[in-house]
2 protein chains.
Amino acid sequence: MDLNQTIRCIVKLGGAAITCKHELEKINEENLETVSSQLRQAMNLGSCSNKVIGMDWSKRDGVLDISSSLADFDDQRQFTVDFSRFVVVHGAGSFGHFQASKSGVHKGGLSQPLVKAGFVATRISVTTLNLEIVRALAREGIPSIGMSPYACGWSTSERNVASADLSGVTKAIDSGFIPVLHGDAVFDDRLGCTILSGDVIIRHLAEHLRPEYVVFLTDVSGVYDRPPTDPNAVLLREIAVDEDGKWSVVKPTPQSMNMQVEITVAAHDTTGGMVTKISEAALIAKLGIDVYIVNAATIHSLKALRGELRHNIPDDWLGTVIRFSR
Amino acid sequence: MDLNQTIRCIVKLGGAAITCKHELEKINEENLETVSSQLRQAMNLGSCSNKVIGMDWSKRDGVLDISSSLADFDDQRQFTVDFSRFVVVHGAGSFGHFQASKSGVHKGGLSQPLVKAGFVATRISVTTLNLEIVRALAREGIPSIGMSPYACGWSTSERNVASADLSGVTKAIDSGFIPVLHGDAVFDDRLGCTILSGDVIIRHLAEHLRPEYVVFLTDVSGVYDRPPTDPNAVLLREIAVDEDGKWSVVKPTPQSMNMQVEITVAAHDTTGGMVTKISEAALIAKLGIDVYIVNAATIHSLKALRGELRHNIPDDWLGTVIRFSR
């Protein structure tokens, strides 16, 4: 893509990390606020000023409070609005899933009334979440711009990205904004329609925008050898991906583990789609881009977002690194 | 454009008609509900079934109520989801204007912190309104799809439309959806950024999509010869546009009017931008497309939306018709 400069980081805000999984259309406000604050800190590295302008000037709970933002705007130079180049992609969590599964949008068939209605209902739900995330980032002073993949012309062919004009995304980045994309209902040229997941969007963006690193913020500490609810679950701290895209656990060393990793990770998939996530992450790592999977809103996620792990992973860092190894 | 069929109607939902002008970010719920219902009736012409599926399956005021929509979905054939081909464009009303004028987004200058923040704040406000309108239409069973001009790649050059990829709009229409666009903050290749108004969007769409007719829903009965608050104001019922784009009042006949129309309409402009609206409408009429300017949520707007005025304007119809006359 014709970017003026390279992108520093693409971040996935996992649906489970920013919404309440078990309550329909409920945002995890506390997590979202912490995540937004950490993103500001990470994007704001090296800036001498910490003064930011809140950019959500809309009413919240019926009240307009932008006094702190605009009160003393006479000297604009004191404000920081230049952030390093990030792209944010979020999942759906408890938004959209209900509407999509109720109607079968992911299976296609737009000529059926229920699927057509579900397409509309799913887009309403995920764009509602997108707007709330854009607002949360804007309140932190991040110049965030919602860009729905459907509206931006993303479409699929049997669920693989078929077209995605990234010029809007690069134009936004080059103009100093932070694009915020999301998993969305889109047209599919074979199925009629389907669901394009945030993870697939991330991979496509990483391939074409070549960021320095990619961070997946989730609701667990990283990738485990079995469901993290299992008391014997072991956090996989480092996974290496070879040129063929095959991945293997480097740390902890295989000898130190008492189970066959591949089988138990596959079992994990039924509960959290972790194999899909590792597969997508492995495809990104294969490009030479480090991927960090880490618990959102923790000291560990802040380190990952700030890019502190790129040369050295501290022993006390909790998370999973997925890296290319020749 | 490569449309499978012609478009029946492009409708402008005027900001003043669907929001409360004097209260920041407040929707005129009653009007919006009536407008949505009239749109459904107009789009649903000729259908034998009146049963529609509500397509907003999101929580409202914290409550999810889709039981009526999905309860008896076993026999999908009884539902109507095929509507005639409309495009909806809405203004901003009390959304966006505050944010735009506070920051000067329309004048450009994205390198200034205040303008950059205002760009983000304006987009948050107008997309909030867009989402609410999409939801109101979806509740009426209209398969509406929000398409933000910014995200769809619209940009301007000194405030004139410079690029607007309409393929997303035509693809949505051809797939049986109703695109819902809106006045938006966009990039301008000379100014950096500006505000693209709903009226300019309508004209651009009309030029390229060639609908059968265009309806502007406003908060007054049509175009008057002076501010409608003036007790002597006369409703201009028919305006003719010639090949040069010049317009003249046909009805009431000029002799029956006791004032110079052009001067008083110009005076009107300071209060409501009516001259801009007539100019845009005249450019549409020049293409041979009838334009109706009418009070929203009235029996007159329903007639206009249903296309009943195309061959004969009843004497008791209140509104303004703008037509091409050779």
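Per chain, numbering begins at 1; letters A, B, ... match sequence-line order. Since we're looking at a predicted model, the values are computed, not measured.
Residue A/Pro113 comes nearest to B/Ile53 through the heavy atom pair CB-CD1, 3.7 Å, listed as atom of the first residue, atom of the second, then distance.
For chain A, the nearby part of B/Tyr150 is the side chain; its heavy atoms alone come within less than 4.5 Å. With a 4.5 Å cut-off on non-hydrogen atoms, A/Leu131 touches chain B through its side chain but not through its backbone. When heavy atoms are compared at a cutoff of 4.5 Å, A/Thr122 does not approach chain B at all. Only the side chain of A/Arg123 comes within less than 4.5 Å of a heavy atom of chain B; its backbone N, CA, C and O stay farther away. Of the two parts of B/Ser175, the backbone and the side chain both hold a non-hydrogen atom closer than 4.5 Å to a non-hydrogen atom of chain A. Heavy atoms closer than 4.5 Å to chain A are found in both the backbone and the side chain of B/Thr128.
Here the side chain of A/Lys116 pairs a donor or acceptor atom with the backbone of B/Gly176 at under 3.5 angstrom. Between the B/Lys59 side chain and the A/Leu24 main chain, a donor and an acceptor come within less than 3.5 Å of each other.
From A/Thr127, atom OG1 reaches atom CG of B/Asn130 across 8.0 Å, with rounding to the nearest 0.5 Å. Rounded to the nearest 0.5 Å, atoms CG (A/Asp165) and CG (B/Asp165) are 7.5 Å apart. Considering NZ of B/Lys171 and OG of A/Ser155, their distance stands at 6.5 Å, rounded to 0.5 Å.
At a threshold of 4.5 Å between non-hydrogen side-chain atoms, the residues B/Gln99 and A/Ser58 count as touching. Between B/Phe119 and A/Met55 the shortest side-chain heavy-atom distance does not fall below 4.5 Å. Looking at B/Trp57 and A/Ser103, their side chains come closer than 4.5 Å, going by heavy atoms from C-beta outward.
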